[in-house]
Amino acid sequence: MIYEEPSDLAEKAAVMREFGRRRAAGEPVSEELYAKHVNATNDRYATGPERGQRIPDFTLPDQNGVARSLGDLTAPNGLLLVFHRSADW
Amino acid sequence: MLEKNGVGIAAVSYDSQDILKSFADRYGIGYPLLSDPDSAVIRRFGILNTNIAAGLRAHGVPHPVDYLVASDGTVIRKYFVENYQHRVTASAVVLQEFGSAGGEVEAVVLRSGALSVEIGLSGSKAFAGQELGFFARFKLEPGWHVYGTPLPGAYTAASITFDDPKIIRQSLVLPEARPMEMAALGETLPVYGGSFEGVGSLLLKFPIDAGLTVLKGQLRFQPCSETVCEPPQAVPFELPLTIQPFMLPPARKPTP
């Protein structure tokens, strides 16, 4: 896959800096700035399956090497699946 | 919190199983940390972080998103959060999706004339930068109502606002108000009567000193009966909240 650098990285960075400054200063964040910040962080809200859609099937090893998939991770009311960056840095 | 409400939890990253094992051991994490070393599942979800160029160490990480899915895999809600470290609190997920506040929640009950309102946070603890939930349970005596929105400027709608620099963003969702014809005024205005409940969210500042603190807010409303409208009222309140200290990573075990 050829990586295409988003053309709006500088703009995103500026939005994220302004959000960070307000968050640290305890200044209110407008709905517009909040939406722009989440959008910049996530490269559009539109990424990933939407509400009402099924998530893709998957099977991945857990920290103990046990293969896990949706069927055995979910409880009666569902599953909270958290995507995070590295646990190493 | 989630388990008690019948919701499983698992986390996905591009780390190797060894890194996840070491992380889980150091922090005492019991829930599954799933290893997706070539980011294949992250790509299949369509949430690869495309802000990060190929070749950088961080390339391959997903966007910071939490998916709440039903047991058949249907998305109930996705929480695109504002960065990797600060996720929505489990208590806010439970309150917003299942309508129950978790654990030992200290609610305040405000009483003023015909109205009483119970206000409480979704949980009593959070980290700085996290999103918390809150609920507001309104109860009016028979024959009385308060205004909803949208409302002409001369009246005061029922609202709860937190006037606290620890909160940088807030929202409260109330049920739809019922239109009521005010014969004497010749107007139709949105009102609430009886019992109704709102659920809201609060985004906390970062950083905040760890320890016990309070969140300050105000309830505003204008109580009216069939015959009389009282002046608008503002009732201040405080809710206790413990800001949790950030966990410093325990020392890594020396490799033999």
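Chain identifiers are assigned alphabetically (A, B, ...) following the order of the sequence lines, protein sequences preceding nucleic acid strands; residue numbering begins at 1 within each chain.
With a 4.5 Å cut-off on side-chain heavy atoms, B:I47 and A:F83 count as touching. Side-chain contact check for A:R51 versus B:K78: every heavy-atom pair is 4.5 Å or farther apart. B:T74 has its side chain out of reach of A:Q53: every pair of non-hydrogen atoms, C-beta onward, lies at least 4.5 Å apart. At a threshold of 4.5 Å between non-hydrogen side-chain atoms, the residues A:P61 and B:S35 count as touching.
Residue B:D15 touches chain A through its side chain alone, counting heavy-atom pairs closer than 4.5 Å. In this structure, the portions of B:A58 lying under 4.5 Å from any heavy atom of chain A include both its backbone and its side chain. Looking at B:L2, only its side chain comes within 4.5 Å of chain A, counting heavy atoms on both sides. Interface residue B:F23: only side-chain heavy atoms are found under 4.5 Å from chain A. For a residue to count as touching a neighbouring chain, one of its non-hydrogen atoms must lie under 4.5 Å from one of that chain's; by this rule B:A10 touches chain A with backbone and side chain alike.
For chain B, the option among A:E31, A:R22, A:M16 with the highest count of heavy-atom pairs below 4.5 Å is A:E31. Ranking B:L20, B:L34, B:I42, B:V41 against chain A, the residue ahead of the rest is B:L34, based on heavy-atom pairs under 4.5 Å. Of the listed residues (A:G71, A:P56, A:A25), the greatest number of heavy-atom pairs within a distance under 4.5 Å of chain B belongs to A:P56. Of the residues considered (A:V66, A:T59, A:L33, A:N64), A:N64 shows the highest number of contacts with chain B, using heavy-atom pairs under 4.5 Å. Counting heavy-atom pairs closer than 4.5 Å to chain A, the top residue among B:Q170, B:K166, B:R57 is B:R57. Of the listed residues (A:I55, A:L79, A:L60, A:D57), the greatest number of heavy-atom pairs within a distance under 4.5 Å of chain B belongs to A:L79. Most heavy-atom pairs under 4.5 Å with chain A: of the set B:L33, B:I9, B:I29, this distinction falls to B:L33.
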* **Test log, rule side chain to side chain contact (heavy atoms under 4.5 Å, CB included), inputs A:F19 and B:I168** => CA-CA 10 Å; A:F19 179 86; B:I168 60 167; 4.2 Å; yes
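Distance check: A:D88 CG to B:S13 OG gives 9.5 Å after rounding to the nearest 0.5 Å.
A donor-acceptor distance shorter than 3.5 angstrom exists from the side chain of A:N77 to the backbone of B:N5, with no hydrogens or angles considered. Here the side chain of B:R169 pairs no donor or acceptor atom with the backbone of A:Y34 at under 3.5 angstrom. With hydrogens and angles ignored, the 3.5 Å screen pairs no side-chain donor or acceptor of A:Q63 with any backbone N or O of B:Q17.
The existence of a salt bridge linking A:E27 and B:K205 is excluded, since no basic side-chain nitrogen approaches an acidic carboxylate oxygen closer than 4.0 Å.
The heavy-atom pair separating B:G8 from A:A75 by the smallest distance is N-CB, 3.5 Å. B:Y14 approaches A:S86 most closely through the heavy-atom pair CE2-CB, 3.8 Å. In plain terms, the two heavy atoms of B:P32 and A:D62 that are nearest each other are CB-CB, 4.2 Å.
Checked options A:T74, A:L81, A:L73, A:L70; the residue passing with B:V69 is A:L70 (criterion: side chain to side chain contact (heavy atoms under 4.5 Å, CB included)).
Residue B:Q244 qualifies as enclosed at atom CD: its count of foreign heavy atoms under 6.0 Å is above 12. In this structure, B:D38 places its CG atom where more than 12 heavy-atom neighbours from other residues, nucleotides or ligands lie under 6.0 Å away.
Using a 30° and 60° split on the angle between ring planes, A:F58 and B:F45 fall in the tilted class, from 30° to 60°.
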